> 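Pasting a structure here, questions to come.
As the structure is a prediction and not an experimental result, all values here were calculated from the model. All values below were derived from every heavy atom in this structure, side-chain atoms included, with hydrogens, water molecules and symmetry-related copies excluded.
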Amino acid sequence: MSSVDRYRRWFEYEKDSHAKVLESLERLPTEARDKPEYRKAVELVSHLAAARRLWMYRLGVVEKGPSSLFGESPTLEEAAAQLREVHELWDGYFRKLDKQELDREFEYQSLEGAHYRNRVEDIVSQLFGHSLYHRGQ
């Protein structure tokens, strides 16, 4: 399996995992949705979507990044919509992905203002780790 195919496969796994998280949050009874743990879980879903969108911006796929990496108390429906939108963007990106793009170096500025240079493959790898970490929370 090529590295490009592996990342595509990982992304399909990740979309399925995100769908399961959303499904579990949707199934919670109404009284559980007022608890801080529920709010934190919804905020993390929104955060994952925002971080993914930020990388789409840094990679030059979209013209505008997110206004914040942490939304102000999004509803589950808002967070799910953000995730669906960013999944569509990444689906398009992964369809066109090739080895040359994975090897491409690009520069970007962090939200704190520091400048960095990375290969696309390094960032794609980091994205999966980021999602795994937050789903584990």
Side-chain angles (χ1 to χ4, degrees):
M1 176 181 292
S2 73
S3 55
V4 171
D5 290 333
R6 183 176 57 249
Y7 290 125
R8 286 179 181 141
R9 182 174 175 228
W10 287 359
F11 184 62
E12 292 303 315
Y13 169 83
E14 184 167 86
K15 288 189 307 185
D16 182 60
S17 297
H18 288 159
K20 289 175 180 170
V21 167
L22 291 172
E23 183 180 330
S24 69
L25 292 171
E26 289 167 353
R27 288 184 175 189
L28 286 173
T30 305
E31 60 272 9
R33 295 178 185 215
D34 291 332
K35 295 188 177 188
E37 296 85 358
Y38 174 83
R39 295 293 334 132
K40 180 69 173 175
V42 172
E43 287 171 4
L44 286 172
V45 170
S46 179
H47 168 70
L48 286 172
R52 285 272 174 169
R53 183 170 186 80
L54 178 61
W55 283 110
M56 287 277 88
Y57 169 71
R58 289 175 174 167
L59 290 168
V61 175
V62 297
E63 292 184 20
K64 185 179 178 196
S67 57
S68 170
L69 287 180
F70 293 94
E72 294 185 24
S73 299
T75 65
L76 180 58
E77 293 75 20
E78 290 167 337
Q82 293 165 355
L83 198 57
R84 278 191 305 274
E85 179 184 324
V86 81
H87 279 171
E88 288 177 20
L89 292 170
W90 279 95
D91 272 332
Y93 183 78
F94 279 115
R95 273 194 298 276
K96 297 175 186 174
L97 186 65
D98 59 19
K99 183 66 173 143
Q100 183 177 351
E101 174 67 2
L102 277 179
D103 291 339
R104 177 174 69 94
E105 288 189 359
F106 70 105
E107 294 181 9
Y108 60 94
Q109 184 174 354
S110 72
L111 296 176
E112 295 79 24
H115 292 270
Y116 295 95
R117 181 178 191 86
N118 285 97
R119 289 181 6 193
V120 169
E121 185 167 14
D122 299 333
I123 299 308
V124 170
S125 296
Q126 184 274 340
L127 287 173
F128 293 116
H130 182 243
S131 289
L132 286 166
Y133 172 75
H134 286 307
R135 280 196 312 270
Q137 286 183 300

> Ignoring hydrogens, what is the shortest heavy-atom contact between Lys99 and Val4? Give both atom names and the distance.
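Smallest heavy-atom distance, with atoms named: N-CG2, 3.6 Å.
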> Hey, what do you get for CG (Asp103) to CG (Asp122), rounding to the nearest 0.5 Å?
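Result: 9.5 Å between the selected atoms.
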> Supply the atom-to-atom distance Asn118 CG to Tyr108 OH, rounded to the nearest 0.5 angstrom.
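It is 3.5 Å, given to the nearest 0.5 Å.
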> In the single-linkage hydrophobic clustering (I, L, V, M, F, W, Y; side-chain heavy atoms under 4.5 Å), do Met1 and Phe128 co-cluster?
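In one cluster: no.
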> In the single-linkage hydrophobic clustering (I, L, V, M, F, W, Y; side-chain heavy atoms under 4.5 Å), do Tyr133 and Leu22 co-cluster?
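The answer is no; the residues belong to distinct hydrophobic clusters.
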> Mind checking whether Leu48 and Leu44 sit in one hydrophobic cluster, side chains of I, L, V, M, F, W, Y counted as touching below 4.5 Å?
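No: no chain of side-chain contacts under 4.5 Å links Leu48 to Leu44.
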> Can you tell me how far the CD atom of Glu88 sits from the CG atom of Leu83, to the nearest 0.5 Å?
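Rounded to the nearest 0.5 Å, the CD-CG separation comes to 10.5 Å.
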> What's the shortest heavy-atom distance between Val45 and Ala79, and which atoms?
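Heavy atoms only, the tightest pair is CG1-CB, 3.8 Å.
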> Would you kindly confirm whether Ile123 and Leu132 end up in one hydrophobic cluster when ILVMFWY residues are joined by side chain heavy atoms under 4.5 Å apart?
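Hydrophobic grouping puts Ile123 apart from Leu132.
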> What I want to find out is whether Lys35 reaches Glu37 closely enough, with some N-O distance under 4.0 Å, to be called a salt bridge.
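Result for this pair is no, no salt bridge flagged.
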> With a 4.5 Å cut-off on side-chain heavy atoms, are Val120 and Tyr7 touching?
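Counting from C-beta outward, Tyr7 and Val120 never come under 4.5 Å.
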> Looking only at the aromatic ring of each residue, does the gap between the centers of Trp10 and Tyr13 stay below 6.0 angstrom?
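When the ring centroids of Tyr13 and Trp10 are compared, they turn out to be at least 6.0 Å apart.
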> Determine whether Ser131 and His18 make a side-chain contact, defined as any pair of heavy atoms from C-beta on separated by less than 4.5 Å.
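Yes. Closest side-chain heavy atoms under 4.5 Å.
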> CG/Leu97 to OG/Ser2 distance, rounded to the nearest 0.5 angstrom?
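Going from the CG atom of Leu97 to the OG atom of Ser2 covers 8.5 Å.
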> Please list all pairs passing the ring-ring contact (aromatic ring centres under 6.0 Å, His included) test where one or both residues lie in residues 22-54, with sequence neighbours left out.
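For residues 22-54: His47-Phe70, His47-His130, His47-His134.
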> Parallel, tilted or perpendicular for Phe106 and Trp55, by the 30°/60° rule?
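Judged by the thresholds at 30° and 60°, the geometry between Phe106 and Trp55 is perpendicular.
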> As an exercise, state the distance from CD of Glu105 to CZ of Arg119, rounded to the nearest 0.5 Å.
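Going from CD on Glu105 over to CZ on Arg119, the span is 8.0 Å.
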> What residue pairs, at least two apart or across chains, pass salt bridge (charged side-chain N to carboxylate O under 4.0 Å, His left out) with a residue in residues 7-31?
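The answer is Asp5-Arg8, Glu12-Lys15, Glu14-Arg52, Glu14-Arg135, Lys15-Asp91, Asp16-Lys20, Glu23-Arg27.
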> Using the rule given for side chain to side chain contact (heavy atoms under 4.5 Å, CB included), can you reason through Arg53 versus Glu85, listing the C-alpha separation, both sets of side-chain angles and the distance that settles it, and then say yes or no?
CA-CA 9 Å; Arg53 183 170 186 80; Glu85 179 184 324; 3.1 Å; yes
> Parallel, tilted or perpendicular: which fits the ring planes of Trp90 and Phe94, with parallel below 30° and perpendicular above 60°?
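Rings of Trp90 and Phe94: tilted, 30 to 60°.
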> Please say whether more than 12 non-hydrogen atoms of neighbouring residues, nucleotides or ligands are located less than 6.0 Å from CD in Gln100.
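Result for CD/Gln100: open.
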> Sequence neighbours left out, what passes salt bridge (Lys or Arg N to Asp or Glu O under 4.0 Å) with Arg104? Give chain and number order.
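Applying salt bridge (Lys or Arg N to Asp or Glu O under 4.0 Å) to Arg104 gives Glu101.
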> Are there over 12 heavy-atom neighbours, none belonging to Glu63, within less than 6.0 Å of that residue's CD?
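Not more than 12 within 6.0 Å, no.
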> Check Pro74 against Val42 and note the closest heavy-atom contact, atom names and distance.
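Nearest heavy atoms, Pro74 then Val42: O-CG1, 3.3 Å.
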> Can you see which heavy atom on Tyr116 is nearest to which on Ser110, and at what distance?
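The answer is CE1-CB, 3.8 Å.
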> List the atom of Ala32, the atom of Leu28, and the distance in Å for their closest heavy-atom pair.
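Heavy-atom minimum between the residues: CB-CB, 4.3 Å.
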